[in-house]
Asks: 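Please see the structure below; I have some questions.
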Amino acid sequence: MTSNDDYVLQILLENNAVSQESADAAAAAAAKAGTSTVDELVKAGTLTENDVLGALAATFGMQFLDISGLEMNDSVRALLPGELAKKCKVVPLYEQDGVLPVAMADPMNFETLDSLRTVLGRDVEGAIAPQKQIWTSLQMLYPDQEFDEMSKLFGEAAGDEASKPSASASGDEDAGLEDQLGVSTAGEKDAPIVKLCAQIIMRAFVARASDIHLEPMETHFRIRYRIDGVLREQESPPRRLQGAIIQRFKLMANMKLSERRIPQDGRIQIKVRGRELDLRVSTVPTGHGESIVMRILDKQNLALGLPDLGFMTDDQQTFENLINLPDGVVLVTGPTGSGKTTTLYACLGQINKPDRKIITVEDPVEYQMSGINQVAVHTDIGMTFAAALRAILRQAPNIVMIGEIRDLETAGIATEAALTGHLVFSTLHTNDAPSAITRLLDMGVKNFLVASALRAVMAQRLVRAICTECRQEYDADPAEIRSLGLDPVQYAGAKLFKGAGCARCNNSGYKGRKGIFEIFRMDDEIQQMIFNNAPARDLRARARESGMRTLREDGVRKTLAGITTVSEVLRVTMGDEN
């Protein structure tokens with residue numbers, strides 16, 4: 001509805017349009033659903049869209065209009081080219097004294113008004129109108145313009161399906177293979193379903209999505225993109241296309257089309273705008289059909305350097321020193337999707353020199369790196385992490401990278417390799433850095449091996465970075481300062497930053513992600529504590545005494561530096577007890 005959910009919520013609270021209790025409940029629902037708090041308030045019936053827009057109109061001193069009865073004639077149409085009106089999502093109203101008022105659904109999208117002024121060479125003023133009225137008016141005002149490419153493809157595909165023999169409720173039970181795919185063997189590339197599926201991937205790529213989620217629901221077929229770690233719902237196709245779309249993607253991923261009872265995994269390799277994308281495809285049967293998730297691996301994004309990861313200068317220097325050690329184990333920890341693999345590739349890129357032999361064991365090999373020997377795991381033929389690791393150690397490498405330590409056998413070989421003069425990089429799934437010690441011991445690795453071989457553990461998370469194009473400074477609220485664990489008195493007058501929302505960031509206020517880090521280095525005292533089987537909390541306390549910053553503390557630094565926001569740091573460090 002608007003480009004800055006937090007700011008809108010603040011306006012609604014200040015105007016007593018909503019209670020704090022309702023806002024908190026909506027925020028909790030939004031966090032679970034991946035939507036916005038304001039949208040959840042509207043969905044729950046606490047507010048209407050008109051309530052929200054009316055409050056914004058009063059705040060920004062703009063008119064709040066009902067344009068449902070707007071006269072759609074040639075004189076109004078001539079004020080603004082249809083392509084530009086569609087792109088900016090604004091409706092021209094009239095012209096008066098050289099000024100063009102336009103109706104828009106998002107009054108905080110100031111960049112749109114500035115762009116219109118520049119392109120049209122005239123003064124443009126904004127007024128507020130409900131979003132549905134904006135869409136309807138644009139379709140009526142510019143009937144010859146293609147209003148939405150995806151909507152057109154939905155219509156074409158639906159029409160194509162309607163002309164075929166009907167399938168069952170799930171869309172793929174009784175229809176023949178051609179009907180299930182929505183294509184014929186002749187002219188397949190021009191079939192509506194094929195174009196529709198290609199457009200779903202293309203839009204995800206343009207939106208910088210990391211995942212595409214196709215989810216059969218009880219009443220509709222939902223499409224969501226994960227952008228900068230947050231799921232965003234997209235326009236849904238007609239439910240009767242569900243079976244055809246799913247089968248098309250299964251065909252592209254080389255899955256068994258007739259098997260719908262068990263999960264399947266596949267892979268799609270495709271080139272989009274000159275970029276090679278690797279999509280890891282997973283299907284799971286649900287009560288309303290097969291759910292598909294496609295993980296988008298953009299090989300260009302995996303080739304980042306250490307400075308691109310988000311290190312502050314001191315942490316980058318510390319980490320560079322660690323990855324240039326002659327031997328030992330260096331671990332990167334965090335949950336799935338925290339950027340561990342990207343960090344490992346950045347490490348290898350940093351230390352990849354002609355005088356060093358580097359071998360990796362990966363499942364799968366996600367990015368081909370020049371000058372590095374990369375080995376893929378194939379468990380179905382016995383090529384496990386442990387088996388591959390034993391073999392590559394006979395190749396006399398200087399540096400070994402293991403995609404993940406999953407079991408005692410792999411962990412044991414890795415620690416022994418470190419003790420015989422190899423530098424070993426790998427990952428573990430733990431919430432913080434000191435917990436990696438406990439995890440290795442729980443696997444069955446002897447404590448003297450862990451103490452002797454391990455050099456450091458770095459935990460990491462990804463936070464959304466504030467869009468640099470629309471970043472704004474504001475006075476920090478004492479409650480925000482307190483939520484970060486800081487003293488409001490000491491930080492009185494502190495400045496924080498947020499994104500207002502613009503075209504570059506799709507009105508989200510964020511663009512891209514950066515890491516926050518917790519670097520846990522071994523010293524003599526910590527090694528002795530590991531020998532003595534000290535619990536993780538004692539290891540963590542000792543690490544803090546020796547200067548380790550927690551994930552929360554590193555996030556606070558980046559919030560104060562204007563890299564990310566308070567809400568982002570709190571979101572990803574919710575489990576940080578400090």
Side-chain angles (χ1 to χ4, degrees), residues 1-60 64 89 104-110 128 130-132 207 209 213 222 224-236 461-467 470-472 474-484 496-502 505-511 513 555 559 564-575:
M1 185 181 299
T2 57
S3 57
N4 195 312
D5 190 57
D6 292 338
Y7 185 50
V8 174
L9 187 59
Q10 181 182 340
I11 290 173
L12 294 170
L13 289 168
E14 289 175 354
N15 289 315
N16 296 318
V18 63
S19 67
Q20 186 64 56
E21 183 181 1
S22 297
D24 292 342
K32 291 181 180 179
T35 57
S36 79
T37 304
V38 175
D39 286 342
E40 287 297 325
L41 285 167
V42 173
K43 181 179 176 182
T46 307
L47 295 170
T48 66
E49 183 182 5
N50 285 359
D51 293 333
V52 178
L53 296 180
L56 292 175
T59 300
F60 289 101
F64 177 36
K89 300 181 179 64
M104 56 197 303
D106 186 353
M108 286 182 286
N109 193 353
F110 304 113
I128 306 177
Q131 183 168 285
K132 287 184 180 179
H213 294 250
R222 183 166 67 177
R224 294 193 289 176
Y225 295 159
R226 190 180 296 278
I227 302 171
D228 292 336
V230 177
L231 283 170
R232 303 285 184 186
E233 190 160 353
Q234 308 298 307
E235 186 177 356
S236 298
R461 298 289 190 278
L462 293 177
V463 293
R464 290 184 291 173
I466 299 172
C467 174
C470 61
R471 189 175 70 167
Q472 297 179 344
Y474 69 97
D475 293 326
D477 185 274
E480 290 181 296
I481 296 297
R482 197 176 294 109
S483 70
L484 293 174
L496 296 179
F497 298 84
K498 61 183 177 182
C502 65
C505 61
N506 198 26
N507 292 325
S508 67
Y510 298 98
K511 188 173 184 195
R513 290 190 287 177
T559 299
T564 188
T565 63
V566 174
S567 59
E568 274 298 289
V569 172
L570 296 179
R571 179 177 67 86
V572 303
T573 62
M574 196 65 70

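If you read the sequence from its start, that first residue is 1, and numbering goes on from there. Quick caveat, the model's predicted, so the values are computed rather than measured.
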Asks: Please report the shortest heavy-atom distance between Arg232 and Ser508, naming the atom on each side.
Replies: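 Between these two residues, the closest heavy atoms are NH2-CB, 4.2 Å.
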Asks: How far does CG of Leu53 sit from OG1 of Thr48, to the nearest 0.5 angstrom?
Replies: 8.5 Å
Asks: What distance separates Lys511 NZ from Cys505 SG, expressed to the nearest 0.5 Å?
Replies: 8.5 Å
Asks: Can you see which heavy atom on Arg513 is nearest to which on Leu462, and at what distance?
Replies: CZ-CD1, 3.7 Å
Asks: For Ser483 versus Val566, what's the shortest heavy-atom pair and its separation?
Replies: OG-CG1, 3.7 Å
Asks: Are Leu496 and Thr565 packed together at the side-chain level, in the sense that at least one heavy-atom pair is separated by less than 4.5 angstrom?
Replies: no
Asks: First locate atom CG of Asn507, then atom NZ of Lys89, and finally report the distance between them rounded to the nearest 0.5 Å.
Replies: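 Interatomic distance, Asn507 CG to Lys89 NZ, rounded to 0.5 Å: 8.0 Å.
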Asks: Identify, with sequence neighbours excluded, every residue that meets side-chain hydrogen bond (donor to acceptor under 3.5 Å, both in side chains) alongside Asp477.
Replies: none
Asks: Quick one: CG on Asp228 to OH on Tyr510, what's the gap to the nearest 0.5 Å?
Replies: 10.0 Å
Asks: Can you sort out the partners of Arg226 under salt bridge (charged side-chain N to carboxylate O under 4.0 Å, His left out), two or more places apart, ordered by chain and number?
Replies: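 With neighbours one apart ignored, the set is Asp211.
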Asks: Please report the interatomic distance SG(Cys502) to CZ(Arg471), rounded to the nearest 0.5 Å.
Replies: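 Reported to 0.5 Å precision, the distance equals 12.5 Å.
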Asks: So, taking the atom named CG in Asp24 and the one named CG in Leu9, what distance separates them when rounded to the nearest 0.5 Å?
Replies: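 Those atoms lie 8.5 Å apart.
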Asks: If you compare all heavy atoms of Leu41 against all heavy atoms of Ser22, which two are closest, and at what distance to 0.1 Å?
Replies: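 Residues Leu41 and Ser22, closest heavy atoms: CD2-O, 3.6 Å.
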Asks: Got Leu12 and Asp51 here, is their nearest side-chain heavy-atom distance under 4.5 Å?
Replies: no
Asks: If only atom types and distance count, is the side chain of Gln472 paired as donor or acceptor with the main-chain N or O of Cys470 below 3.5 Å?
Replies: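 No; zero donor-acceptor contacts below 3.5 Å.
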Asks: At their closest point, which heavy atom of Ala23 faces which heavy atom of Thr37, and how far apart are they?
Replies: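 Heavy atoms only, the tightest pair is O-CG2, 3.7 Å.
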Asks: So, using salt bridge (charged side-chain N to carboxylate O under 4.0 Å, His left out) as the criterion, who are the partners of Arg464 when residues are at least two apart?
Replies: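 Testing Arg464 for salt bridge (charged side-chain N to carboxylate O under 4.0 Å, His left out), a comparison that skips the adjacent residues, returns Glu568.
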Asks: Report yes if some heavy atom in the side chain of Asn50 is under 4.5 Å from a heavy atom in the side chain of Phe64; otherwise report no.
Replies: yes
